[in-house]
Amino acid sequence: MSSVERFQLVGWKGGWTLPSVDPECLRAIVFVALSKSPVDVMLNTSPWNAPESVYPFLCGPSPKSIKSGAENIIKYLKTQGFECCHDSTHITPYEEADAYALESYTKSSLAALLDYLWWADEDFFRRVSQPWYAKDSTLFGKFVWVHYQRRRVMARLFTTPDTQLSVDKMEIIRRKIVQKAKQCLEDLSVKLSDKTFIFGLQPSALDATIFSYLAPLFYIPWKNKDVRQELFMDSLDKFKNLKSYVDRIRKRYLDGTNLSVQTVRRPVRWYDPIVNRIQKHRDTLIFIAFAGAVNLYLLRRTIGRLRFNWPAFNNHSRQRSQEYIEMAKNLGLDPPSTPNL
Amino acid sequence: MEYILKPFLFSSDLLEEAVEVVIDSGEIPWPQDVTLCVPPLSTQVTLHEQAECLATQAFLRMHGLRFTLDERPNAEFMSLTSKLPLLKVDDHFVAGFDAIVAYARLRIRKQLTDEQESAIRPYVEMVQVTVKNAELYAAWFDDTNFKEVTSPRYGSPYTFPLNKILPLLKRVQIKTYLGQNSPLASLDDVRESLQCDLKALSERLGPRPYFLDDVNTNELDALVFGHLTAILTSKLPNGNLVEQIHRHQNLVTFCQRVDRMFFAKEVGLNNDLYNTTVVTGVRRLPQMIIKSDA
């Protein structure tokens, strides 16, 4: 393994038996696990330090190849030759079209639901997700980033291309989101029926997407009773095959030892060597810059008031030395050696 | 300019689309007096609205549902959610392609099976999300396209200050939406995502005449026809989107086929059914009553 250059994937930390909580990070991680690509997974809690301030991102052996976002990462790994079994061997163009459509369908209908449950549900946010962020995050993350992100997600829920919806219509928006998600779950259930993976016996990239959007729904204990009831999450008779599908992928690919995952407790930055060198001496550089600025400021203040006239000064001292020489001559002494000016 | 305009954006209360839930479907007759309100299709309508309007018309025509096409410049402001097109049925309105399809579904004899429906829905969603985002970006986000085509068209019914301000307001809204919801960053991205969508659609269609089977048409056919025809007939100077569609010849012939079958003037059956009313002035409508189960 050491001969192969390993990539490094950085994403959100996990919980509730999942390697990562964020669906997009989970998608990248599951794709890595399914395609068995040589990637070390690092889990962290400070996306504002990431290259494009987005998790997940992948950095290759050479620091120049940085890919942000699960979509780009999967595309890049595919071009590097790491594919899932089904994709590489016997996928038909018809299935490929189906996979593309299902992927965007799953994302567009389940992402809104997950966003709603994680961020917009007041009870859950206060009791679960905010403490979850507070546990391992820096001060900035705890007090600033969480609220900033929440505002962003809420704004996204309220924006349509036609109008800006008013904020007090959360209930109606929730109903729409849940209805859409329920439809999507039913369709996925029909599509999966009792197969092992979506396209039969072998996993494909589509499985990574579907798993990553289903798994948080099943594993994280959501607090919102209405949503749980409307989605049949409590009884689970309806989506039994989806549940067993998610369990199967988790047990087979994520719990084993073939995926190297390490969680970073303290937020660690990833950087290229130049940035690294700069950051190592950051304090010194800041001090130098500060001191320089202060010096410049003082100089600018004082330079107007001081009137150095260097040639005059020179003449003056030369004159003085001439005088000394003449005085010495008059006194009949040897002239002193002229001082260096 | 756009930052100054931001506080003046229209914000609306989202109201439920008027769709009754009827368990015993298939028995309700299609109402007599139905009007489909759209912006003037030759002068005012912009790319994504045109796509939705065409798709809705195609859907209604495919199922032989009778309606009067009413072109009016204030169609957007009649709709509570600002969605277009707007179906006016007796005393209430149904806005947007989804809602109209759901409304008409209850009144159609020929129903899709669950399996067919779940096979179609991913594609419907794909067209409505990714293709629509691509259209929005190309028509509204791109400066050249916006200045030369979209802004003059959208502002065409209004006089001087309004015909500059209203397009800008709409543009601010669409820019914020795209910024939050789509990863598109340039016209190259638009072309790439459109290419992926078209490839999937083209492979799904194959050599057959329609998407699901050889004879029957459904909402996916209507939707694909609407969006592709809108892009094909648009005259956006920047972006080169038409060429992307022409790479998939079966999609182009599909559009021509639907156009011939359902929009042709020669078909005697259709000629009586759809009489077009063009309304040029802004006319007052009776008060809107929305049935909602809230």
Side-chain angles (χ1 to χ4, degrees), chain A residues 24 52 54 68-72 75 92-112 115 152-173 175-176 179-180 183-193 206 210, chain B residues 6 9-17 48-49 76 79-84 95-96 98 114-115 117-133 135-136 140 170 172-181 183 193 196-197 199-206 292-294:
Chain A
E24 283 292 296
E52 287 177 26
V54 193
S68 286
E71 193 77 54
N72 292 339
K75 218 180 276 174
T92 59
Y94 194 78
E95 279 178 344
E96 220 170 286
D98 246 12
Y100 182 78
L102 266 173
E103 212 168 274
S104 72
Y105 179 44
T106 318
K107 259 193 293 183
S108 70
S109 42
L110 292 184
D115 272 352
R152 255 179 34 160
V153 174
M154 298 286 266
R156 193 193 302 154
L157 292 179
F158 288 115
T159 316
T160 67
D162 303 312
T163 42
Q164 197 73 33
L165 307 173
S166 55
V167 185
D168 54 333
K169 298 291 175 191
M170 201 62 206
E171 187 59 26
I172 295 174
I173 291 174
R175 217 183 302 155
K176 286 203 152 191
Q179 195 186 352
K180 214 170 163 190
Q183 199 118 67
C184 177
L185 287 180
E186 280 166 10
D187 290 347
L188 286 179
S189 184
V190 170
K191 177 83 189 160
L192 183 68
S193 62
L206 176 61
I210 290 179
Chain B
K6 206 149 190 176
L9 276 181
F10 303 117
S11 84
S12 87
D13 295 352
L14 176 77
L15 285 169
E16 292 282 71
E17 282 96 5
H48 73 284
E49 292 167 352
E76 190 191 339
S79 159
L80 277 173
T81 49
S82 295
K83 275 185 187 168
L84 285 174
D98 287 339
D114 282 353
E115 205 162 303
E117 221 170 286
S118 67
I120 284 176
R121 214 174 285 129
Y123 290 91
V124 171
E125 194 68 20
M126 182 189 81
V127 174
Q128 279 187 333
V129 176
T130 41
V131 177
K132 192 178 172 189
N133 281 353
E135 281 170 2
L136 285 175
W140 289 91
K170 184 85 177 167
V172 172
Q173 178 65 36
I174 285 173
K175 270 190 168 181
T176 47
Y177 169 78
L178 283 178
Q180 288 160 355
N181 284 288
S193 81
C196 291
D197 297 337
K199 197 178 153 209
L201 285 173
S202 169
E203 274 162 8
R204 172 81 204 191
L205 181 64
S292 70
D293 52 345

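Throughout, a chain's letter reflects where its sequence line sits, starting with A, and its residues are numbered from 1.
Of the atoms belonging to Ala99(A), not a single heavy atom falls under 4.5 Å from chain B. Of the two parts of Gln183(A), the backbone and the side chain both hold a non-hydrogen atom closer than 4.5 Å to a non-hydrogen atom of chain B. Neither the backbone nor the side chain of Asn133(B) comes within contact range of chain A, judged by heavy atoms closer than 4.5 Å.
In terms of heavy-atom pairs under 4.5 Å with chain A, the best-connected choice from Arg204(B), Glu125(B), Glu203(B), Arg121(B) is Arg121(B). Annotation: maximal heavy-atom pairing with chain A below 4.5 Å, among Gln180(B), Gln128(B), Lys132(B), Met126(B), occurs at Gln180(B). With chain B as the partner, the residue from Gly69(A), Ser108(A), Ala101(A), Ala155(A) showing the most heavy-atom pairs under 4.5 Å is Ala101(A). For the set Thr160(A), Leu102(A), Leu188(A), the count of heavy-atom pairs under 4.5 angstrom toward chain B peaks at Thr160(A).
Between the side chain of Thr130(B) and the backbone N or O of Val127(B), no donor-acceptor pair lies under 3.5 Å.
Going from atom OG of Ser193(A) over to atom CD of Glu115(B) covers 8.5 Å, rounded to the nearest 0.5 Å. To the nearest 0.5 Å, the span separating OG1 on Thr106(A) from CG on Leu185(A) amounts to 9.5 Å. Interatomic distance, Lys107(A) NZ to Cys184(A) SG, rounded to the nearest 0.5 Å: 12.5 Å.
Contact check for Leu157(A) versus Met170(A): side-chain heavy atoms found under the 4.5 Å cut-off.
His48(B) and Glu135(B) get closest at one heavy-atom pair: CA-OE1, 3.6 Å.
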